[in-house]
Every structure is written in C-alpha cells, then in structure tokens.
Amino acid sequence: MGRLVAVSNRVADPRNHAAGGLAVALSEALSKTGGLWFGWSGKAIDINQGGTPGEGELHLQQAGNVTLATVDLSREDYDAYYLGYSNGVLWPVFHYRLDLADFDSGGNLNSYRRVNQLFARKLAPLLKPDDVIWIHDYHLIPLAAELRAIGCGQRIGFFLHIPLPPPLILAAIPQHEWLMRAMFAYDLIGFQSQADVDHFARYAQDEAGAEPMGEYRFRAFHRTVRAQAFPIGIDVDEFIELGKGDDSRETYEMMRAQYARRRLLLGIDRLDYSKGLPQRLKAFQTLLAEYPENRASATLIQIAAPSRESVDAYADLRRDMEGITGAINSEYGELDWMPVRYIHRSTARKRLPGLCRASSVALVTPLRDGMNLVAKEFIAAQDPDDPGVLVLSRFAGAAEQLKEALLVNPYDFRATAQAIQQALHMPLAERRTRHAKLLERIRAQDVHWWSSEFLRALAETENG
Ligand code: GDG
C-alpha cells in the first residue's frame with residue numbers, strides 16, 4: 001500500500017493514545033506507511049489579526065515518522081463551517097433531528113464549501129501520486145470532489161462516523177443533491193452500520209438515479225463508488241491494560257468503597273442531544289417510581305463531557321439536565337443517598353475503565369448514534385467472572401453487533417426502566433454468558449480490524 005494520508009477535522013499526535021478516538025484507530029496504519037495526517041490546527045484567527053475567510057496558514061510538524069499538517073481557519077469560517085453548517089445542519093439532520101437544524105443561514109454553507117476548498121488547496125501540494133487518502137466525517141464530505149476538481153487522481157476513501165438518515169430525512173437539507181453528488185467523488189464510502197448503507201443505496205438509486213453495479217457498488221455522475229459497512233471498534237487490549245493502571249484501580253477501589261451498599265449505574269457521554277440524556281434520567285426516575293426497592297440503593301453516575309457549548313441546542317440541553325437531575329434528587333434523595341450524580345465535566349481517560357468496572361449497569365441509550373464506543377469500552381472493562389450488564393439503545397449503530405446487550409427504545413421510559421430492573425437483577429450465569437459473547441464480538445471487530453478492513457477494501461476498489 002502507498003503512504004496513508006488521513007484527513008479529519010481535528011488532528012492528534014498518533015503516539016498519544018491517551019487521547020483515544022481516531023488517534024488510536026489510525027496510528028498503526030499511519031506509522032506503518034510513514035503517513036501524513038491533515039486537518040484543522042484548532043486555531044480560529046480573528047479578522048483583526050489577519051483571519052481572512054478562505055485563507056489559513058499551514059503548519060507542518062513531525063510526530064515520529066508521521067507528518068502532521070494543520071491549517072488555521074479564520075474565526076468567521078470556523079464559526080460558519082464548524083458550528084454553523086457541520087454542527088447546526090449536518091449533525092442534527094444526520095441524527096434525524098430536523099427540529100434542531102438551522103437551514104436559514106446560507107452563509108454557513110458558503111463557509112463549509114470554502115473551508116473544504118481551502119483544505120483541498122493546502123493538501124494537494126503535499127500529495128504523492130501513489131498516496132491512499134482516507135477522509136473522515138461529516139465536516140469534510142465535499143473534500144474529495146474539491147481535490148478531484150484540482151486534479152487529484154489518487155484513491156480516496158471516506159468514513160462517516162455518524163449515521164446516514166433515510167432519503168426522506170436527508171432530502172430536508174436544502175443542498176442534499178450537491179452533498180450526495182460530492183459523495184460520488186470517493187472510491188469507497190464506509191458507514192458504521194448496514195442500516196446506513198441501505199439508506200445510502202436507496203438515496204443513490206431513488207434520488208440520484210444511480211445504477212447498482214453488483215455488490216456494494218453504485219454508478220452515477222460518471223463515477224462508481226463502493227459503499228459498505230465497517231463498524232468501528234475499540235482497541236480492546238489497550239482498554240484492558242488501561243484498567244490495570246494505578247489510576248483506574250484507584251478509581252475502582254474508591255467507587256467500590258464509597259458505594260459498598262449501593263448499585264451503580266453509569267453513563268459516559270459528550271453532552272449532546274443525540275445521546276438521549278434527559279430521556280435516560282426520566283427512565284431512571286421511572287425505575288425509582290415503579291420499582292421502589294431500588295430507592296436508597298441504585299445510584300446513577302452520569303458523566304457528561306462539555307461539548308459545542310456555543311451552539312444553542314447544547315445550552316438548552318444543559319439547562320434541561322440540571323432541571324431533571326434536581327427534580328429527581330429532591331424527590332427521592334435521602335440524607336445519605338443521592339440518586340443521580342451528574343458531572344458536567346470531562347473525566348480523565350485513564351480512570352474510565354475503573355469506573356466502568358465498578359458499575360453494575362451501563363446506560364448507553366442514545367436517541368441515534370453512529371456506533372457508540374462507550375458501549376464497547378464498558379464491555380472491555382468488566383470482570384468476566386462478575387460482569388456488569390449493558391443496557392443499549394436499539395438506535396445506536398452498536399446495536400447491530402451487540403445483540404446480547406439489553407436493547408431498549410430510549411423514548412419508552414417504562415420499558416427502559418423495566419430493562420434496567422432486569423439488568424440490576426440478572427443472575428450471575430446469564431451475565432457471564434452475555435458478557436462472554438459481547439467480548440468476543442468486540443474483539444472480532446476491534447479498531448485494528450476496522451482500519452485494516454477499510455484500507456484493504458480501498459486498495460482493492462477500482463479507482464473511479
Ligand atoms: C462519534 C459518533 C462513533 C466520553 N466522555 C469522556 C470521554 N469520552 C470518550 C469515550 C469514548 C468517546 O469519548 C466517545 O465516543 P462515542 O462513540 O461514544 O461518541 P462520539 O464522540 O459522539 O463519536 C459515534 C464515534 O464517532 C466513532 O466513530 O462511535 O457514534 O457520534 O471513547 O470514552 N473520555 C474522557 N473523558 C470523558 O469525560 N477522557
């Protein structure tokens with residue numbers, strides 16, 4: 001394989017696994033090929049300091065044998081491309097939330113295009129003819145089309161980390177035709193789940209008049225694209241190792257000691273409306289109301305890492321969470337027991353396995369999620385002899401794989417409460433059987449499998 005060039009909105013040092021996420025996923029393939037990782041520098045430059053829209057300085061930095069190439073953005077472009085279009089239009093619509101999408105501001109689309117053009121202009125001179133380019137996520141959908149427009153003929157793959165909605169919902173985006181046409185500039189498109197692939201296939205055929213060309217391949221706009229599911233995984237062994245570290249063990253001991261007489265339920269999420277956090281709290285409230293034996297015992301620890309705070313919908317969510325938490329705690333709390341521990345801060349990654357292992361139940365109940373890695377991290381962190389139980393939303397991409405979890409509809413508070421009750425009282429033998437199967441599944445399709453399968457498929461996909 002030629003050199004791997006990865007492109008994503010944010011770039012991390014691939015040697016720093018503590019960052020988790022894409023750094024773990026891509027580090028192996030990047031360092032094996034002496035690769036290049038390209039993206040935004042994280043700097044938004046104000047106009048009075050020279051931040052001109054459509055322009056930005058390129059920075060090159062070496063991380064071992066991997067080159068990190070990052071571009072600054074003007075404040076105006078950052079606000080409109082990142083907050084406005086990517087997170088104000090694409091994120092809500094792709095998560096089926098038409099009610100939260102802001103279609104009014106045409107300027108945001110201009111910036112979205114302008115930033116993708118800027119990335120293409122800065123990246124193209126760094127490319128070699130036999131590079132393999134792998135672009136990530138919704139911020140950069142039109143990047144391949146922009147690269148092609150300035151003459152790049154390399155193989156280009158794209159992975160969408162979030163769901164792709166059904167055609168009718170996708171078509172609510174005023175520029176959906178342009179956006180989907182841009183997808184045909186790729187050679188391979190990876191989705192998280194089969195459901196997403198099916199939505200793409202239906203859109204391509206019904207709205208774009210694409211011709212199916214056998215398994216996974218579609219032809220339209222004089223190009224052939226291959227679309228396939230590559231469910232992203234975690235580095236299972238890395239997470240288990242992290243669990244053996246001092247910080248994790250200390251967290252485990254501390255939680256066990258402090259909650260010795262209680263049952264812990266755990267939620268770990270970015271504070272995002274797709275994660276179903278208010279609904280989760282209401283399901284927990286229903287559990288306390290309908291199964292009173294859990295009062296003074298079941299304790300929900302909800303970690304909600306701050307995210308995109310300058311987007312209005314996120315500020316509303318924050319207020320809702322504080323309101324519902326307060327209502328539950330004041331209704332059911334005792335002098336020595338608070339039902340909900342809501343922490344609106346990020347927790348150190350090295351403590352997460354300990355926190356997971358100390359918990360009897362994980363509540364991973366998004367309203368819609370591309371995959372959801374927390375579900376897989378929870379499984380990896382458990383003691384196989386006495387494992388906790390995963391309550392998982394059927395609307396998470398992970399539900400296609402993790403069939404031995406207790407699958408719930410997060411909008412149905414009573415049914416979710418019932419599943420939590422079942423999880424809290426599940427016999428040890430059943431917990432072990434379910435966990436063993438789940439562990440096997442996350443091992444079989446871990447993050448190394450994910451990146452090597454994607455890159456293998458990209459290498460064997462015909463160019464164009
Ligand atoms: C997108 C898609 C898809 C969470 N809180 C803290 C923290 N985390 C870590 C978790 C996990 C990661 O962040 C979150 O990953 P998710 O998969 O749950 O969700 P998104 O951020 O929405 O990611 C998603 C993913 O891309 C990958 O393709 O699965 O569907 O939406 O690793 O552990 N980490 C630390 N402190 C926290 O407070 N350190």
Side-chain angles (χ1 to χ4, degrees), residues 6 8-10 12 16-26 86-87 90-92 94-97 134-139 158-165 190-193 195-196 229-236 238-239 242-243 245 247-248 251 266-277 280 301-308 314 317 341-357 359 362-381 390 392-393 395-402 442 445-447 450-451 454:
S8 56
N9 180 55
R10 294 309 304 270
N16 175 15
H17 278 199
L22 266 191
V24 177
L26 297 177
S86 299
N87 288 315
L90 299 181
W91 179 273
F94 281 35
H95 287 89
Y96 301 42
R97 293 298 300 270
W134 188 4
I135 297 172
H136 291 263
D137 233 359
Y138 58 104
H139 317 87
F158 177 74
F159 187 80
L160 185 68
H161 289 257
I162 65 177
L164 189 78
F191 293 102
Q192 298 275 27
S193 69
D196 303 320
F230 299 90
I232 195 168
I234 61 164
D235 188 331
V236 177
E238 185 257 354
F239 206 73
L242 199 63
D247 293 287
S248 206
T251 305
L266 178 65
I268 302 174
D269 308 79
R270 276 186 309 101
L271 185 59
D272 192 293
Y273 50 78
S274 66
K275 303 293 181 185
L277 299 178
R280 185 180 304 168
I301 298 193
Q302 177 62 56
I303 294 174
S307 180
R308 303 172 199 165
Y314 290 75
L317 175 62
R341 290 275 157 110
Y342 169 56
I343 301 166
H344 181 225
R345 277 192 314 277
S346 177
T347 301
R349 183 173 163 77
K350 56 192 180 196
R351 296 194 177 276
L352 294 182
L355 200 51
C356 289
R357 202 177 171 101
S359 305
L363 300 182
V364 180
T365 54
L367 304 181
R368 193 72 187 108
D369 216 331
M371 176 54 59
N372 197 297
L373 296 180
V374 175
K376 297 183 174 183
E377 291 166 348
F378 179 78
I379 296 164
L390 174 62
L392 177 65
S393 163
F395 304 126
E400 265 188 20
Q401 294 172 295
L402 305 180
I442 62 166
Q445 295 186 321
D446 70 356
V447 74
W450 173 76
S451 59
F454 183 93

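Counting starts at 1 for both ligands and their atoms, following the listed order.
- Ligand-side atoms of ligand 1 in range of G370: 30 (O), range being under 4.0 angstrom from any heavy atom.
- Taking the side chain as every heavy atom from C-beta outward, I232 and W450 approach each other to under 4.5 Å.
- Within the set I303, I343, L352, the minimum heavy-atom distance to atom 34 (N) of ligand 1 is found for L352.
- Of all atoms in ligand 1, listed by their number and element, those nearer than 4.0 Å to a heavy atom of R270 are 20 (P), 21 (O), 22 (O).
- Scanning for side chain to side chain contact (heavy atoms under 4.5 Å, CB included) contacts around S451 gives W134, with sequence neighbours left out.
- Set against the non-hydrogen atoms of A305, the atoms of ligand 1 under 4.0 Å away are 38 (O).
- Near S346, meaning under 4.0 Å from any of its heavy atoms, are these atoms of ligand 1: 36 (N), 37 (C), 38 (O).
- Aromatic ring pairs are classed by plane angle as parallel below 30°, tilted from 30° to 60° and perpendicular above 60°; the pair F454 and F230 is perpendicular.
- For the pair L242 and S248, the tightest heavy-atom approach, listed with the atom from each and the gap, is O-CB, 3.3 Å.
- Checked by distance only, ligand 1 and D369 come closer than 3.5 Å through their nitrogen or oxygen atoms.
- Closest approach of M371 to P231, counting heavy atoms only: CE-CB, 3.4 Å.
- Here is the list of ligand 1 atoms found below 4.0 Å of a heavy atom in K275: 18 (O), 19 (O), 20 (P), 22 (O).
- With a 4.0 Å heavy-atom cut-off, ligand 1 is reached by the backbone of N372 and by its side chain too.
- Heavy-atom distances between W91 and ligand 1 reach below 4.0 Å in at least one pair.
- Considering all non-hydrogen atoms of both residues, A6 and L26 come closest at CB-CD1, 3.8 Å.
- Heavy-atom contacts of E377 reach the following atoms of ligand 1: 10 (C), 11 (C), 32 (O), 33 (O) (cutoff under 4.0 Å).
- Set against the non-hydrogen atoms of V374, the atoms of ligand 1 under 4.0 Å away are 10 (C), 18 (O).
- In this structure D446 satisfies the side chain to side chain contact (heavy atoms under 4.5 Å, CB included) test together with V236, H448, W449, sequence neighbours excluded.
- A salt bridge does not link R368 with D272: every distance from a Lys NZ or Arg NE/NH1/NH2 to an Asp or Glu carboxylate oxygen is 4.0 Å or more.
- Checked by distance only, ligand 1 and M371 come closer than 3.5 Å through their nitrogen or oxygen atoms.
- Each of the following atoms of ligand 1 lies closer than 4.0 Å to a heavy atom of R349: 39 (N).
- Counting heavy atoms closer than 4.0 Å to ligand 1, residue L373 contributes atoms from both its backbone and its side chain.
- Using modelled atom types, one finds a donor on one side chain and an acceptor on the other under 3.5 Å when comparing N87 with Y138.
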